[in-house]
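Here is the structure we will look at, set down as structure tokens.
Proteins get letters first, then strands, A, B, ... in listed order; numbering begins at 1 in each.
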Amino acid sequence: RARRGLRVLQHNVSLEFRWEEERYTDGVKWKFLEHKGPVFAPPYEPLPSNVKFYYDGKPMKLSPEAEEVATFFAKMLDHEYTTKDIFRKNFFKDWRKEMTSEEKSTITDLKKCNFSEMSEYFKAQSEARKAMTKEQKQKIKEENERLLQEYGFCIMDNHKERIANFRIEPPGLFRGRGDHPKMGMLKRRIRPQDIIINCSKDSKYPTPPPGTKWKEVRHDNKVTWLVSWTENIQGSIKYIMLNPSSRIKGEKDWQKYETARRLKKCVDRLRAQYREDWKSKEMRIRQRAVALYFIDKLALRAGNEKEEGETADTVGCCSLRVEHLKLHPESEGQEFVVEFDFLGKDSIRYYNRVPVEKRVFKNLQLFMENKEPDDDLFDRLNTSILNKHLQELMDGLTAKVFRTYNASITLQQQLKELTNADDNIPAKILSYNRANRAVAILCNHQRAPPKTFEKSMQNLQTKIDAKKDQLSDAKRELKSAKADAKVRRDEKSKKAVETKRKAVQRIEEQLMKLEVQATDREENKQIALGTSKLNYLDPRISVAWCKKWGVPIEKIYNKTQREKFAWAIDMADEDYEF
DNA sequence: TACTGCACTTAGAAGTATGGAG
DNA sequence: CTCCATACTTCTAAGTGCAGTA
């Protein structure tokens, strides 16, 4: 069997009919799995002796262990993290654990530590890397490619599949998002004896580096991961899994959208049901119904409970607290306005003012009565209760399915509404991006405005102005050419008019393209389109739209995305309906 | 029923490659 | 050809949800 695996590796079997292959039942994910194991982070290279660390103004040679951790901090010196108290405190505490007893007794105050020589050294190194010759860069590229070819693929059943993350995360300082209580802690180096390998019994097992052993080799075909280890910050498990282009991820993705489409068929019934439930005599049912309304209408996340003090304080729907909502019986001419203001996943702020139905508003008043700001809004509800209820309403239904459903249906509707048949392709793509943007806004997918945003907008405006000047020049030239032709009435001047006319036309097109680009960019300033495109939008909607309007799929999906959505590109024709 | 561990999806930031303008 | 903004890729944190256990 192992030999057979190898043969597949060499021949790279055709993927043509993979979506039609039979599926396994009862949780079996594969029958054969062979891989080479992970690639470890490169070992620490001590600093050259001329690069010094100073404590209290005096140079100090650190032990390799302490020095390595110091370099992690030095590399982040320009980052805001290193100014934060919690980050500094956590870092210093963990750094001290790596010090020798002498170092520990000398280095007692982070403020007296001077990492600037180290920092300069790393900056110089990165400059040097940029300045390398083509040949040197090519060599590195080839080495990376070799590593990818050796470790970046596995055999799962009859296919050679790309692995998503075959490199083990290198050691460093933990960078939590938002106000994370553990930011700055030392993320320790992962060694072979920390690693669990998962592969099939009849495969050729990966070999640990010379002189080391794996923690365990197991053969669990009810899971999809190849390698796992336990991370030391939260104590959670990390995995090496397959690329999104793989059969196992693709099928799962497809299944996700099929579940969302089943929700489409019964969503009216469910909506009617939760509206009824707003009137229930039971508090738990009213809470469940209002929460579901938010999840449906506002595409909120479920909101699992989190361990206090272990992570940043963020919430989702079921974990909303009284302090996260303000009720306005009347505001800006609208009745029953709810103002949401809370931090969601990744500590991204959710701010929204929404008019709701009177019954919802009255219920919210009731839920908030006699509560402190930090009390739960839905005190009789959690995600497990909600999901159990959803499961009864539809097989496979959970809170997150609503996000998928509402995102995909919104894209489909917006595309219908925004696409103009007689637009040219750039304008059609703008419409697509606008539809995509509507979804990103619904799902609250934000990004930090690019650091160079203002400048790049200005640059674009300059270009537009220049193009306008160019256009008026061209028009003037056309006019005089016409006048000239009228007088002369010869072939040569007629031709000149045609040339000028073409020039005007070309410049007009260029100008329009630039203006479209400016609009698109401005509207996109703080909005991230990628997340919804990758995780929430049924790709078959986009494929069908491309086919219908003759837009090349490459304009919508880049290479990686086309690989991930190969199943959809294969499957959907132009009349596909979500 | 609550709790916890595990597996897997979703997320924005950071790092790197690329291609178009000058 | 070079430079720089943009596009793409990688990274890994932070969610969801389920199953097993007490």
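In this structure, A:Thr224 reaches the sugar-phosphate backbone alone: every heavy-atom distance under 4.0 Å involves primed, P, OP1 or OP2 atoms, never a base. At a threshold of 4.0 angstrom between heavy atoms, the contacts of A:Pro244 with the nucleic acid are absent. Residue A:Lys137 is classed as having no contact, given no heavy-atom separation below 4.0 Å to the nucleic acid. Across all strands shown, A:Asn387 has heavy atoms under 4.0 Å from sugar-phosphate atoms exclusively, and none from any base. Residue-level contact check: A:Thr314 touches the backbone only, with heavy atoms under 4.0 Å from sugar-phosphate atoms and none from bases. Using a 4.0 Å heavy-atom distance criterion, A:Gly316 is classed as making no nucleic acid contact. Using a 4.0 Å heavy-atom distance criterion, A:Ala312 is classed as making no nucleic acid contact. Using a 4.0 Å heavy-atom cutoff across all strands shown, A:Gly530 reaches no nucleic acid atom at all. No engagement by A:Lys182 is indicated, since no non-hydrogen atom pair under 4.0 Å with the nucleic acid exists. When heavy atoms are screened at a 4.0 angstrom cut-off, A:Phe174 is found touching the sugar-phosphate backbone but no base atom. A:Lys559 comes within contact range of no nucleotide atom at all, as no heavy-atom separation falls under 4.0 Å.
Atom P of nucleotide C:dC8 and atom CG of A:Asn558 are separated by 5 Å, given to the nearest angstrom. Straight-line distance from the OH atom of A:Tyr239 to the P atom of B:dC6: 7 Å, rounded to whole Å. Distance, A:Tyr557 OH to C:dC8 P: 14 Å, rounded to whole Å. With rounding to whole Å, A:Leu226 atom CG is found 13 Å from B:dC8 atom C1'. Put simply, CH2 on A:Trp254 is 16 Å from P on B:dT9, counting in whole angstrom units. The interatomic distance linking A:Met241 (CE) with C:dA13 (C1') rounds to 14 Å, in whole Å. To the nearest angstrom, P of B:dA11 lies 20 Å from CZ of A:Arg349. Atom CD1 in A:Ile196 sits roughly 8 Å away from atom P in B:dA7 (whole-Å rounding).
Residue A:Trp225 has its side chain nearest to B:dA7 when only C:dC18, B:dA7, B:dA11 are considered. Residue A:Arg301 places its side chain closer to B:dA11 than to any other of C:dA13, B:dG12, B:dA11. The side chain of A:Arg218 lies closest to B:dA7, out of C:dA14, B:dT10, B:dA7. Of the candidate nucleotides B:dA7, C:dT12, C:dC18, B:dA7 has the atom lying nearest to any side-chain atom of A:Val223. For A:Arg167, taking side-chain heavy atoms from C-beta onward, the closest of the listed nucleotides B:dA7, C:dC11, C:dG15 is C:dC11. When each of B:dA11, C:dG17, C:dT12 is scored by its nearest atom to the side-chain atoms of A:Glu169, the top-ranked nucleotide is C:dT12. Looking at the side chain of A:Arg162, the nearest of the listed nucleotides C:dG17, B:dT10, C:dT10 is C:dT10.
Between the side chain of A:Lys400 and the base of B:dT9 there is no donor-acceptor pair of N/O atoms closer than 3.5 Å.
Side-chain N/O atoms of A:Thr531 include one lying less than 4.0 angstrom from OP1 or OP2 on B:dG12. At the phosphate of B:dC8, neither OP1 nor OP2 sits under 4.0 Å from any side-chain N or O atom of A:Lys249. Distances shown here put a side-chain N or O of A:Asn304 below 4.0 Å from the OP1 or OP2 atom of C:dT16. For the OP1/OP2 pair of C:dA13 and a distance below 4.0 Å, the side-chain nitrogens and oxygens of A:His180 include no atom meeting the criterion. Between A:Lys238 and B:dC6 there is no side-chain N or O to OP1 or OP2 distance below 4.0 Å.
Taking 4.0 Å as the cut-off between side-chain N and carboxylate O, A:Asp157 and A:Lys31 do not count as a salt-bridged pair. Using a 4.0 Å cut-off between charged nitrogen and carboxylate oxygen, A:Asp253 and A:Lys256 count as a salt-bridge pair. Salt bridge present: A:Glu251 and A:Arg247 bring a charged side-chain N and a carboxylate O closer than 4.0 Å.
Summary of the strand contacts: A:Leu534 and A:Ile237 both lie near DNA chain B, and taking for each the nucleotide with the nearest heavy atom, the more 5' one is attributed to A:Ile237. Two residues, A:Thr560 and A:Val401, neighbour DNA chain C, and the one matched to the more 5' nucleotide by heavy-atom proximity is A:Thr560. Each of A:Thr383 and A:Gly176 lies near DNA chain C, and the nucleotide nearest A:Gly176 is the one positioned closer to the 5' end.
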Pull out every protein N or O sitting under 3.5 Å from an N or O of nucleotides 13-19 of chain B, one pair per line with the distance.
from, atom 1, to, atom 2, distance (Å)
B:dA13, OP2, A:Ala448, N, 3.4
B:dA14, OP1, A:His79, NE2, 2.7

- [ ] Apply side chain to side chain donor-acceptor pair (under 3.5 Å) to the pair A:Asn304 and A:Thr383, showing each step before the final yes or no.
- [x] CA-CA 6 Å; A:Asn304 282 312; A:Thr383 54; 2.5 Å; yes
Go through it in stages, so that I can follow the logic: the residues are A:Glu169 and A:Trp229, the test is side-chain contact (heavy atoms from CB on, under 4.5 Å), and I'd like the CA-CA distance, side-chain angles, deciding distance and then a yes or no.
CA-CA 10 Å; A:Glu169 297 172 17; A:Trp229 71 91; 4.1 Å; yes
Criterion side-chain contact (heavy atoms from CB on, under 4.5 Å) on A:Arg284 and A:Leu381, from CA distance to verdict = CA-CA 7 Å; A:Arg284 59 175 191 97; A:Leu381 183 72; over 6 Å; no
Item to check | Audit row: A:Gln446, A:Ile527, side-chain contact (heavy atoms from CB on, under 4.5 Å) steps and yes/no | outcome: CA-CA 5 Å; A:Gln446 299 187 25; A:Ile527 298 167; over 6 Å; no
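Taking a 6.0 Å sphere around CD of A:Glu80, one finds it holds 12 or fewer heavy atoms contributed by other residues, nucleotides or ligands.
A perpendicular orientation is assigned to the rings of A:Phe340 and A:Tyr350, their planes being inclined by more than 60° (bins at 30° and 60°).
Annotation: cation-pi geometry not satisfied between A:Lys182 and A:Phe174 (NZ/CZ under 6.0 angstrom from ring centroid, within 45° of ring axis).
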